[in-house]
Amino acid sequence: MQNPSLTILIPCLNEELGIGAVVAEHRAEFPRARILVVDNGSTDRTAEIARAAGAEVLYEPRRGKARAIQTALSEVDSDLVIMTDGDGSYPAKGARILHDEYLRAPADMITGIRCAAEKSEVFRPMHQFGMSVFATILKTVFGHRFADLFSGLRLFSSRFYRNVPVLSGGFELEIELTLQAIDKGFSTRDVLTPFRARAEGSVSKLRTFRDGWLIMRFLLLLFRDFKPLTCFGAVAVVTLLLGLLAGSVPVVEFMQTGLISHFPLAILAAALVNIAVILLLVGVLLQSSLRHHREAYQVQLRKHGGLRATTQPDHRAVS
């Protein structure tokens with residue numbers, strides 16, 4: 001691939017204080033790139049300022065970062081896409097690092113790992129704690145180490161963004177992109193990039209407890225969808241243990257007296273054991289179905305050239 005075309009994708013919700021500088025900074029860093037701002041239902045002058053700074057503006061009235069990205073990717077046709085935020089927290093230098101890393105060694109998704117000089121001034125303590133909890137959960141479930149789950153600075157190759165569905169609605173986007181890449185066999189890499197405080201006066205849209213609960217709920221859904229046998233198997237084991245516990249009383253009673261007086265416990269135990277068996281069978285069937293789906297997905301990608309080896313691009317690319 002020679003001279004890969006580039007789109008800088010910037011989803012925004014009420015970022016009038018920072019979007020002008022963000023667009024100008026990325027325009028200076030990538031003069032020939034397409035800069036596309038997605039106005040995600042802003043009630044301020046975000047769109048007006050972005051357009052005045054030289055960006056194209058696309059409207060997506062449905063709130064939610066993932067919805068903004070869904071809409072934008074359907075309008076993009078470049079070789080590369082760099083997704084960043086409109087609050088000014090990701091310097092254009094970070095986007096340049098991702099772009100140069102791709103030129104050095106192409107990958108389908110390259111994530112910018114946020115590196116701030118003073119983390120205490122940029123990352124709120126509760127957010128740091130939440131990120132570590134989510135990363136631990138995902139490492140336990142998926143067996144993959146995630147350096148920065150919620151980084152909003154990412155580079156996508158065309159074969160990635162054209163072939164990976166975005167099914168979430170809001171701040172779960174970054175987690176979903178990471179797991180989709182791992183599940184579908186796309187190549188990924190992490191690189192350190194600078195991170196700074198958002199534009200002065202700009203307010204974060206992330207709400208610690210509300211969005212934390214939404215993300216936790218989304219993780220459970222991902223666990224069910226990506227690891228059905230593990231998910232249903234774990235529930236089956238717990239149900240089986242409860243059934244054995246409930247059944248131990250009538251069993252012990254029968255062994256001692258030859259009679260059973262705790263019929264409700266016996267019925268409950270039998271029901272729980274049957275439910276455990278059914279849950280395990282559901283997990284096995286879903287795992288088998290998922291395997292066939294993955295195989296079909298890989299075949300379709302190969303058929304359309306989606307899994308061909310990425311060729312080393314010309315280093316005179318977009319600048």
Side-chain angles (χ1 to χ4, degrees), residues 6-15 17-19 21-23 25-26 29-30 33 35-40 42 46 50 55 58 60 63-73 76 80-99 101-102 108-116 119 122-124 127-128 130-131 134-135 138 146-156 160-161 164 166 168-181 188-199 202-208 211-212 214-215 218:
L6 172 66
T7 297
I8 306 293
L9 186 55
I10 312 174
C12 287
L13 172 59
N14 294 332
E15 295 292 357
L17 297 177
I19 187 60
V22 171
V23 171
E25 189 177 354
H26 283 81
E29 190 70 42
F30 300 99
I35 299 182
L36 181 61
V37 170
V38 187
D39 183 3
N40 194 203
S42 298
T46 295
L58 185 66
E60 173 47 74
R63 293 285 180 89
K65 184 176 181 180
R67 295 187 183 96
I69 295 300
Q70 290 171 15
T71 299
L73 291 181
V76 172
L80 302 176
V81 170
I82 293 180
M83 179 182 75
T84 189
D85 286 349
D87 59 13
S89 56
Y90 296 98
K93 179 182 177 182
R96 170 59 69 182
I97 291 173
L98 296 189
H99 186 266
E101 179 67 15
Y102 178 86
D108 292 305
M109 182 174 73
I110 304 179
T111 302
I113 305 305
R114 292 173 290 182
C115 183
K119 287 190 176 182
V122 178
F123 298 103
R124 286 185 277 180
H127 288 183
Q128 293 186 59
M131 287 189 292
F134 291 135
L138 286 173
F146 301 90
D148 191 349
L149 275 173
F150 299 101
S151 173
L153 179 62
R154 298 176 184 238
L155 179 146
F156 310 128
F160 179 80
Y161 75 77
V164 170
V166 177
S168 57
F171 286 103
E172 314 95 328
L173 171 69
E174 286 82 3
I175 295 179
E176 182 183 17
L177 289 172
T178 300
L179 293 183
Q180 289 276 23
T188 64
R189 191 158 58 256
D190 299 333
V191 294
L192 293 176
T193 53
F195 188 67
R196 64 194 178 196
R198 60 177 48 246
S202 176
V203 179
S204 173
K205 313 305 181 300
L206 184 65
R207 298 294 177 264
T208 302
D211 291 308
L214 291 176
I215 291 171
F218 186 67

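The residues of the chain are indexed from 1 along the displayed sequence.
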Taking C-beta and beyond as the side chain, do [X] and [Y] meet within less than 4.5 Å on heavy atoms?
X: L173; Y: M83; value: yes
X: C12; Y: V37; value: yes
X: P91; Y: E25; value: yes
X: N40; Y: T46; value: no

Nearest heavy-atom neighbours spanning [X] and [Y]:
X: A147; Y: D190; result: CB-OD2, 3.6 Å
X: A72; Y: L9; result: CB-CD1, 3.2 Å
X: D87; Y: S89; result: OD1-OG, 2.6 Å
X: P194; Y: I97; result: CD-CD1, 3.9 Å
X: Y102; Y: L155; result: CD1-CD2, 3.8 Å

- Going by the side-chain contact (heavy atoms from CB on, under 4.5 Å) test, name the single residue among T178, L179, L177 that passes it with I175. L179
- Given the options D85, T111, I82, L153 meets side-chain contact (heavy atoms from CB on, under 4.5 Å) only with I82
Answer yes or no: is there a donor N or O on one side and an acceptor on the other, between the side chain of [X] and the main chain of [Y], under 3.5 Å?
X: H26; Y: V22; value: yes
X: Y90; Y: G152; value: yes
X: S151; Y: I113; value: no

- Under the side chain to side chain contact (heavy atoms under 4.5 Å, CB included) criterion, do V38 and I69 qualify, and how do the steps go? CA-CA 8 Å; V38 187; I69 295 300; 5.8 Å; no
- Stepwise, does the side chain to side chain contact (heavy atoms under 4.5 Å, CB included) test hold for I8 with T84? CA-CA 7 Å; I8 306 293; T84 189; 4.2 Å; yes
- Message: Is a donor from one side chain sitting under 3.5 angstrom from an acceptor on the other, for R154 and T188?
- Response: no
- Can we say E174 and R114 salt-bridge, meaning some charged N sits less than 4.0 Å from an Asp/Glu carboxylate O? no
- Taken to the nearest 0.5 Å, the spacing of L6 CG from L98 CG works out to 10.5 Å
